[in-house]
Q: 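Pasting a structure below so you can have a look.
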Amino acid sequence: MKILKNSLLYFAYVLFSIAFSMYLVYLEIDGRPNSKLAGLFHDFIILTVGTILGLIAATLFFLLNYSLLKKSKSTFLENKTVLQIVLLILSCLIVHEIHQILEFDLDIL
């Protein structure tokens, strides 16, 4: 039962990471264009880039979560869920900032 609970919790973290990444990509790109073809291309970019960046952020979150929270047997970390959500949001912001620097500032992507 504990394995199922942890699996569902991590699946929820992945879904939250993808949704938050799509939202950040939506904020990077301006509003939706008026033409139908450009609007479909706009939505496609949000879905693909947001999903890829969300999965990268989720992977970074899993690595940080395992190395920082799971290995430490500290008793002062009573509520790890709040700390995990903050860590997930920070990993999403870090991945998006790296993407922003590589794509727009350095023009590599």
Side-chain angles (χ1 to χ4, degrees):
M1 190 67 180
K2 186 177 180 182
I3 295 173
L4 180 66
K5 179 185 169 191
N6 285 337
S7 298
L8 289 176
L9 186 65
Y10 281 121
F11 182 69
Y13 285 145
V14 169
L15 289 180
F16 179 76
S17 173
I18 291 172
F20 190 65
S21 295
M22 285 183 188
Y23 176 70
L24 289 175
V25 170
Y26 176 76
L27 291 179
E28 286 177 9
I29 302 173
D30 290 332
R32 193 165 195 259
N34 290 334
S35 74
K36 187 170 181 134
L37 181 63
L40 289 174
F41 187 66
H42 178 267
D43 294 342
F44 178 73
I45 288 174
I46 289 174
L47 284 174
T48 55
V49 174
T51 302
I52 291 169
L53 292 177
L55 290 175
I56 292 170
T59 305
L60 177 66
F61 164 72
F62 291 147
L63 293 173
L64 288 174
N65 186 29
Y66 180 72
S67 64
L68 294 177
L69 297 178
K70 294 293 181 185
K71 280 191 175 180
S72 68
K73 301 292 182 191
S74 303
T75 57
F76 72 92
L77 292 175
E78 296 285 329
N79 195 358
K80 288 186 179 182
T81 307
V82 174
L83 194 58
Q84 286 176 338
I85 291 173
V86 169
L87 191 63
L88 180 62
I89 291 173
L90 285 176
S91 65
C92 284
L93 290 174
I94 288 169
V95 167
H96 278 275
E97 190 60 36
I98 291 171
H99 174 258
Q100 182 81 15
I101 290 170
L102 289 177
E103 184 170 352
F104 296 112
D105 296 341
L106 298 178
D107 202 24
I108 292 176
L109 298 177

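Numbers here are sequence positions counted from 1.
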Q: Please lay out, stage by stage, how Asn65 and Tyr13 fare under the test side-chain hydrogen bond (donor to acceptor under 3.5 Å, both in side chains).
A: CA-CA 11 Å; Asn65 186 29; Tyr13 285 145; over 6 Å; no

Q: Consider only side-chain heavy atoms of I, L, V, M, F, W and Y, link residues closer than 4.5 Å, and tell whether Leu47 and Val25 are in one cluster.
A: yes

Q: For atom CG of Asn34, decide whether the heavy atoms of other residues, nucleotides or ligands shown that lie under 6.0 angstrom number more than 12.
A: no

Q: Any idea which heavy atoms bring Leu60 and Ser91 closest together, and the distance?
A: CD2-CB, 3.8 Å

Q: Check the orientation of His96 and His99. Use parallel for under 30°, tilted for 30 to 60°, and perpendicular for over 60°.
A: perpendicular

Q: What's the spacing between Ile98 CD1 and Ile56 CD1 if we round to 0.5 Å?
A: 9.5 Å

Q: May I ask whether Tyr10 and Leu90 are part of the same hydrophobic cluster, defined by side-chain heavy atoms of I, L, V, M, F, W, Y residues being less than 4.5 angstrom apart, directly or through others?
A: no

Q: Report the distance from atom OG1 of Thr51 to atom CD1 of Ile46, rounding to the nearest 0.5 Å.
A: 10.5 Å

Q: Mark yes when over 12 heavy atoms from residues, nucleotides or ligands other than Phe62 sit less than 6.0 Å from its CZ; otherwise mark no.
A: yes

Q: In terms of hydrophobic clusters joined by side-chain contacts under 4.5 Å, are Val49 and Leu40 together?
A: no

Q: What verdict does the side chain to side chain contact (heavy atoms under 4.5 Å, CB included) test give for Val14 and Phe61, after you've listed the backbone C-alpha separation in whole Å, the side-chain angles of each residue and the deciding distance to 0.1 Å?
A: CA-CA 9 Å; Val14 169; Phe61 164 72; over 6 Å; no

Q: Flag yes if Val86 and Val95 sit in one hydrophobic cluster, no otherwise; membership is Ile, Leu, Val, Met, Phe, Trp, Tyr, and two members link when side-chain heavy atoms are under 4.5 Å apart.
A: no

Q: Counting only heavy atoms not in Ile3 (residues, nucleotides, ligands), do more than 12 fall under 6.0 Å from its CD1?
A: no

Q: How close do Gly54 and Ser21 get, heavy atom to heavy atom, and via which atoms?
A: CA-OG, 3.1 Å

Q: For a 4.5 angstrom cut-off between non-hydrogen side-chain atoms, does Phe20 reach Leu93?
A: yes

Q: Let me confirm one number: the CE-CD1 distance from Met22 to Ile45, rounded to the nearest 0.5 Å.
A: 13.0 Å

Q: Distance from Leu24 atom CG to Glu97 atom CD, nearest 0.5 Å?
A: 10.5 Å

Q: How long is the span from the OG atom in Ser35 to the CZ atom in Phe41, to the nearest 0.5 Å?
A: 11.5 Å

Q: Applying a strict under-4.5 Å side-chain criterion to I, L, V, M, F, W and Y, I'd like to know whether Ile18 and Ile85 cluster together.
A: yes

Q: Say you draw a straight line from CG of Leu9 to CG of Leu4; how long is it, rounded to the nearest 0.5 Å?
A: 11.0 Å

